[in-house]
Amino acid sequence: MCGIIGYTGYSEARGILLKGLKSLEYRGYDSAGMAVYHPDFKECLVTKCEGRVEKLAGKSNDIKGSSGIGHTRWATHGGVNDENSHPHKFGGVTIVHNGIIENYESLKNTMGIADKLQSETDSEVAAALIDRFFTGENPEEAIINAVSKLSGTYALAIIFDRIPDTVYAVRNVSPIVCLKNDNGSFLASDITAIGEYSEDYFVLPEFSVARMTKDGFDIKDFNGNAIDIDWMKLDWDIKNNGKSGYPFYMEKEIMEQPAVIEKTVLSRLKNNIPDFSSDKVDEKIFTDCSNICVVACGTAMHAGLIGKELIEGICSVPVQVHMASEFMYGNPIIGSDTLTICVSQSGETIDTLEALKYAKRKGSMTLSIVNVRASSIALESDNVIYTDAGPEIAVASTKAYTTQLSVFYLITAKMAYLRGSLNDEGVINFIEELKKIPGAVKDVLDRRADIHKMSKSMLTAEHTFMIGRGFDYPALLEASLKLKEISYIHSEAFASGELKHGTIALITNDTPVIALMTQQYLVSKQFSNIREVQSRGAKVITFVRKDLNTKDINDCFELPVLEDEFMVVPAVVSMQLLAYYVSADKGLDVDKPRNLAKVVTVE
Ligand code: M6R
């Protein structure tokens with residue numbers, strides 16, 4: 001789960017590589033490095049270090065040259081140190097790698113290179129193999145011979161000391177996008193790193209080799225046949241406008257939610273009925289399916305859990321939600337009457353991508369809800385609905401989640417309309433309530449100072465439990481993930497009724513409990529569950545739908561009033577803020593929590 005970049009052209013490479021690496025840093029920030037071909041020394045010089053891109057910038061002031069490759073790392077094989085940082089140079093070959101080479105240990109031995117390697121990484125083996133196969137004549141052949149020995153995933157950018165001003169690239173699963181302009185040619189793991197240079201780009205096909213020169217690309221398949229480039233237009237504003245005055249991207253992205261939810265919803269309504277014609281979605285998937293599998297990871301999977309409640313509750317279509325990493329190992333029951341819905345912000349999560357491919361092999365219809373345009377999951381899926389969240393930079397997902405939920409509301413209304421589970425009036429009422437969400441979220445944001453005040457009591461907590469019922473339980477799974485990933489407080493979400501089946505033993509005076517109460521029909525039961533933990537000494541912070549509040553609840557944040565199934569959005573936004581304030585007040589790096597990367601491209 002690393003980020004790679006390459007440039008060759010008419011400008012100094014260093015600044016372009018550093019800028020691109022900065023925007024790729026969300027893919028990993030254990031180390032950063034670059035290799036630039038030095039025109040006088042006639043070889044590629046490597047500068048790399050453990051740590052972030054800023055550190056690399058400080059170390060690389062003297063670098064000269066207009067062809068180079070760069071890397072930002074999330075460590076998998078080999079510890080976090082300078083030696084294991086990329087690029088790796090072996091002989092006359094320098095590479096950067098994203099992916100995992102699974103058979104690297106056996107290759108080290110069978111290829112007789114074990115004692116010549118300088119790092120513990122799987123990646124250096126690829127450099128050694130390419131160098132071994134390169135006779136000075138045919139670089140493409142050397143690359144193909146080397147990668148045909150690899151099992152696993154890879155996106156490689158390669159420079160040969162003997163071939164100036166040229167960068168080669170090859171990939172299997174891990175993505176590479178390419179573009180060019182009058183100033184040169186560029187490649188990267190994703191378009192956010194290079195999209196500012198041109199709106200015309202292409203995705204390098206798997207199992208092909210790209211030769212990138214100052215003036216463009218030659219692409220050949222592994223049999224040496226030229227491949228026509230399939231150019232695409234970037235129809236997405238990828239401009240990173242910085243933090244817009246906020247101290248962290250996460251706060252900025254939380255604040256953007258009313259606008260991006262509105263955009264995602266309103267652009268897909270025709271006479272108040274959801275319309276996916278601009279997404280080119282084949283509507284038959286909504287009527288031909290007799291069951292649905294939602295497949296995703298982390299926050300995206302939590303959005304799927306809400307989708308399940310909505311679709312089963314309103315359309316009576318059975319929905320199973322699967323963790324993508326377990327999906328194909330559990331013999332899921334899918335066939336041609338299954339609609340598999342993959343949810344992913346990045347569109348690059350490898351487990352979700354592999355699950356999607358598996359579902360297709362089983363004959364399932366497929367639909368993906370994706371944020372990043374032309375990402376691997378989007379390209380692999382038969383149907384795509386893009387969320388309109390815009391670039392999400394903070395590792396903790398916020399606006400991607402609420403726009404994923406917005407799409408699930410639209411899908412539910414569309415299915416209900418097409419299958420007759422709601423009549424016209426029912427669909428219109430549903431959509432009218434959906435349209436109130438941005439206002440409700442704005443109301444929460446306007447009162448964020450109250451949440452900040454409440455969050456102070458969490459600063460010293462080591463553990464917390466979150467309790468809720470109905471829709472509130474999957475909402476709390478998301479709230480809990482948010483809190484633990486950025487504040488490092490151990491947090492677990494429970495369906496309130498389940499807590500007394502064991503976990504209540506952990507409640508003490510020092511264990512704050514966060515209770516969510518938005519479901520009208522469950523209010524008295526939830527109230528009893530709050531009392532149960534209070535009797536065991538827990539301090540309870542409650543997020544309660546305003547009209548369900550009673551004077552018995554103190555230390556609470558009142559949520560705006562929407563119908564039960566829509567409350568999850570303002571509720572989770574309020575808890576995104578809670579997590580954010582705890583993390584920021586603890587002085588943590590909110591946008592880049594330890595051990596994490598935004599895009600998880602390893603299984
Ligand atoms: O890009 P994806 O939506 O596929 O990513 C899935 C998860 O890795 C992601 O949602 C993760 O759980 C977030 N960092 C949580 O905030």
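Treat the numbers as computed from the prediction; the structure is a model and nothing was measured. Just so you know, these numbers use all the heavy atoms, side chains as well, and skip hydrogens, waters and symmetry mates. In each ligand, atom 1 is the first atom listed, and ligand 1 is the first ligand listed.
- Around NZ of Lys442, the count of heavy atoms belonging to other residues, nucleotides or ligands within 6.0 Å does not exceed 12.
- Nearest heavy-atom pair across Arg27 and Trp74 is O-CB, 3.6 Å.
- In terms of polar-atom proximity, Lys598 is not counted as a contact of ligand 1, lacking any N or O under 3.5 Å from an N or O of the ligand.
- In this view, Lys357 and Val173, Glu206, Leu353, Glu354, Arg361, Glu380 satisfy the side chain to side chain contact (heavy atoms under 4.5 Å, CB included) rule, not counting sequence neighbours.
- In terms of polar-atom proximity, Thr352 is not counted as a contact of ligand 1, lacking any N or O under 3.5 Å from an N or O of the ligand.
- Phe471 places none of its side-chain heavy atoms less than 4.5 Å from the side chain of Met567.
- Under the side chain to side chain contact (heavy atoms under 4.5 Å, CB included) criterion, Glu262 pairs with Leu266, Pro438, not counting sequence neighbours.
- Inclusion of Ser344 in the set of residues having an N or O under 3.5 Å from an N or O of ligand 1 is warranted.
- Residue-to-ligand polar distances keep Ala396 apart from ligand 1: every N/O pair is separated by 3.5 Å or more.
- Taking atom 3 (O) of ligand 1 as the reference point, the nearest protein heavy-atom neighbour is Gln345 N, 2.6 Å.
- Looking at atom 16 (O) of ligand 1, its nearest protein heavy atom turns out to be Glu485 OE2, 2.4 Å.
- Protein heavy atom closest to atom 1 (O) of ligand 1, with residue, atom name and distance, is Ser346 OG, 2.6 Å.
- Other residues, nucleotides and ligands contribute at most 12 non-hydrogen atoms within 6.0 Å of the NZ atom of Lys362.
- Protein heavy atom nearest atom 7 (C) of ligand 1, with residue, atom name and distance: Cys297 O, 3.6 Å.
- Ligand 1 places these atoms under 4.0 Å from at least one heavy atom of Lys482: 15 (C), 16 (O).
- Close contacts between ligand 1 and Thr299 involve ligand atoms 10 (O), 12 (O), 13 (C), 15 (C), 16 (O) [criterion: under 4.0 Å to a heavy atom].
- Every atom of ligand 1 with a heavy atom of Ala300 under 4.0 Å away is listed here by number and element: 3 (O), 10 (O).
- Remark: distances from the non-hydrogen atoms of Met301 to ligand 1 are all 4.0 Å or more.
- Looking at every heavy atom in both residues, Glu565 comes nearest to Tyr409 through O-OH, 2.6 Å.
- No more than 12 heavy atoms of other residues, nucleotides or ligands sit less than 6.0 Å from atom NZ of Lys263.
- The single protein non-hydrogen atom nearest to atom 5 (O) of ligand 1 is Thr349 OG1, 3.4 Å, given as residue, atom name and distance.
- Only one option out of Asp30, Asp589, Thr72 pairs with Arg52 in a side chain to side chain donor-acceptor pair (under 3.5 Å); it is Asp589.
- Per-residue contacts place Gly298 under 4.0 angstrom from the following atoms of ligand 1 (heavy atoms of the residue considered): 12 (O).
- Among all non-hydrogen protein atoms, the one lying nearest atom 14 (N) of ligand 1 is Val395 O, 3.0 Å.
- Using a cut-off of 4.0 Å between Lys/Arg side-chain N and Asp/Glu carboxylate O, Lys414 and Glu283 are scored as salt-bridged.
- With respect to atom 8 (O) of ligand 1, the closest heavy atom belonging to the protein is Val600 CG2, 4.0 Å.
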